[in-house]
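One is the number of the first residue; the rest follow in order along the sequence. For clarity, every value in this text was computed on a predicted model and none was experimentally measured. Note that ligands are numbered from 1 as they come in the structure, with each ligand's atoms numbered from 1 the same way. What's counted below: heavy atoms across the whole structure, side chains too, no hydrogens, waters or symmetry copies.
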Amino acid sequence: MQVEYSVLKRTYDIYKAEYEEAALRVLRSGWYILGKEMEKFEEQFANFLGVKHCIAVNSGTDALIMSLRALGIKEGDEVIVPANAYIASVIGVTENRARPIFVDADVYMGMDVSEIELKITEKTKAILPVHLFGQPNEMGQITEIAKRHGLFLIEDCAQCHGSRYNGRLTGTFGAVGCFSFYPTKPLGALGDAGALVTDDDVLAEKLRLLRNYGSKVKYHNEINGINSRMDEVQAAILQVGLRHIEEGNEERNRLAQKYIRGIHNKKVRIPPRRENATHVYHLFPILVEDRQQFCTYLADNGVKTQIHYPIPPYVAKCYKDWGYQWSDYPNAEMYANREVSLPIYAGMPEREVEYVIRVINEFE
Ligand SMILES: *Cc1c(COP(=O)(O)O)cnc(C)c1O
């Protein structure tokens, strides 16, 4: 049997009629940027999260860059980020010429909260947790630390749409939540798209200016802005996705439970689930010591996998001037060396999950 890592076409086919109606509606409207579809999506996504404002932008990376800029974070400032973050989370900091300060990962592959306060200095301006793979961080303690030290809390929610910590939706804990709607994400567009969410009226206004050349009224440029606007086609497509977000999250959860119940191989470790949180399984990570051998074995048996992420940001070539070593963050290093992502997506046939489980259990 051949098992693809992810088949976007299958997810698309489930809601094909609705997607096509949405896209055609925009194509025929004659209005493609900064229009009613974007406004409608912003309102719907804000309602979904229970926040006052949603600002739709061009990508998750832009959302991260803009969040720091709108909060006034600049050169000389420090932002605390996970050592095992995705590179885009760190780009959000470095694009503003601020310095990322890394903390190692915990057993849930989130931020090790016990390290955060040790890294706070007079230059620290914000904490930026990344809810990796769809599982929330220890938001109770992180929120408390941010409050105690007067730091902004910025959430990277690119992988966790609809997940909750103690019943509260991720993205709503801090000053601002940053979302990506890259096609494979739990809520995905059919192109690049992203959004910021906040309850702060002043910050929201600033972000709206920032995304549109710094202007609200054409040619009246109030601040130094950029061009980062969600186009009308993506906004219409995302309204369809948002209507069905819970179905997708539930489906991946069901597939994940199948993996969890089915995989019994001493060489394979499944990271634990946080008790007081819901996981949306954007990805299904497992940890294997002989990764190379394991992945070759799976590939030989027709099963495709991916690695998230083989090179952590603190040792990325683009940041080599900081002089970090792999061993500076031992857990992040261990995850980078052992993580394997199994196929999981809405529309994945159950028999393929069963096959993957069987193949894994026969690995020696
Ligand atoms: C995908 C992703 C981003 C970047 O989003 P884009 O829309 O691709 O720019 C940022 N952070 C994390 C954790 C991501 O997974």
Side-chain angles (χ1 to χ4, degrees), residues 5-6 8 41 45 54-69 79-96 100 102-103 105 108-111 126-137 139 142 153-163 170-171 173-174 176-197 207 211 226-231 233-235 237-238 241 249 252 279-285 306-314 316 318-319 332 335-336 339 341 344-345:
Y5 176 70
S6 171
L8 275 176
F41 173 71
F45 196 57
C54 168
I55 299 93
V57 297
N58 203 23
S59 72
T61 307
D62 274 2
L64 285 157
I65 295 169
M66 292 165 72
S67 68
L68 272 76
R69 191 157 304 162
V79 177
I80 295 177
V81 296
N84 61 331
Y86 180 52
I87 196 77
S89 324
V90 181
I91 289 174
V93 180
T94 56
E95 266 298 291
N96 287 290
F102 298 101
V103 301
Y108 304 96
M109 303 179 84
M111 256 178 161
I127 307 176
L128 200 170
V130 182
H131 306 301
L132 218 50
F133 308 126
Q135 169 145 264
N137 277 269
M139 292 313 290
I142 294 176
L153 178 54
I154 302 164
E155 291 176 84
D156 182 339
C157 300
Q159 303 188 358
C160 67
H161 317 54
S163 69
T170 49
F173 282 85
V176 56
C178 301
F179 288 83
S180 164
F181 305 118
Y182 182 79
T184 60
K185 303 288 163 95
L187 175 57
L190 300 177
D192 271 319
L196 300 108
V197 298
L207 288 166
R211 77 167 165 199
I226 57 170
N227 171 359
S228 183
R229 305 168 301 211
M230 180 189 289
D231 71 74
V233 173
Q234 300 315 327
I237 293 287
L238 282 166
N249 286 351
R252 287 192 313 281
H279 197 316
V280 295
Y281 290 104
H282 166 52
L283 303 174
F284 193 88
Q306 285 192 5
I307 293 167
H308 297 92
Y309 299 92
I311 304 170
Y314 64 94
C318 56
Y319 299 137
Y335 293 139
E339 198 275 346
S341 296
I344 191 165
Y345 59 92

Does [Y] offer a backbone N or O that forms a donor-acceptor pair with the side chain of [X] under 3.5 Å?
{"X": "His161", "Y": "Ser180", "value": "yes"}
{"X": "Arg252", "Y": "Tyr281", "value": "yes"}
{"X": "Thr61", "Y": "Ala88", "value": "no"}
{"X": "Asn84", "Y": "Pro312", "value": "no"}
{"X": "Asn137", "Y": "Met111", "value": "yes"}
{"X": "Thr170", "Y": "Pro136", "value": "no"}

Closest non-hydrogen protein atom to [atom], residue and atom name please, with distance?
{"atom": "atom 15 (O) of ligand 1", "value": "Gln159 NE2, 2.8 Å"}
{"atom": "atom 10 (C) of ligand 1", "value": "Ala88 CB, 3.4 Å"}
{"atom": "atom 9 (O) of ligand 1", "value": "Thr61 OG1, 2.5 Å"}
{"atom": "atom 11 (N) of ligand 1", "value": "Asp156 OD2, 2.8 Å"}
{"atom": "atom 12 (C) of ligand 1", "value": "Ala158 CB, 3.3 Å"}

Does an N or O from [X], backbone or side chain, lie closer than 3.5 Å to an N or O of ligand 1?
{"X": "Asp62", "value": "no"}
{"X": "Lys185", "value": "yes"}
{"X": "Tyr182", "value": "no"}
{"X": "Gly60", "value": "yes"}
{"X": "Tyr86", "value": "no"}

- Message: Are more than 12 heavy atoms, taken from residues, nucleotides or ligands other than Tyr345, located less than 6.0 Å from that residue's OH atom?
- Response: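 Yes - once you tally the heavy atoms of other residues, nucleotides and ligands closer than 6.0 Å, there are more than 12.
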- Query: Counting from 1, what ligand 1 atoms have a heavy atom of Ser59 closer than 4.0 Å?
  - Reply: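 Those atoms are 7 (O), 9 (O).
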- What are the atoms of ligand 1, with element, lying closer than 4.0 Å to any heavy atom of Val130?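 So the atoms of ligand 1 that pass are 13 (C).
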- Task: Taking the six-membered ring for Trp and the full ring for Phe, Tyr or His, determine whether the centres of Phe45 and Phe181 are under 6.0 Å apart.
- Result: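 Centroid distance Phe45-Phe181: below 6.0 Å, so yes.
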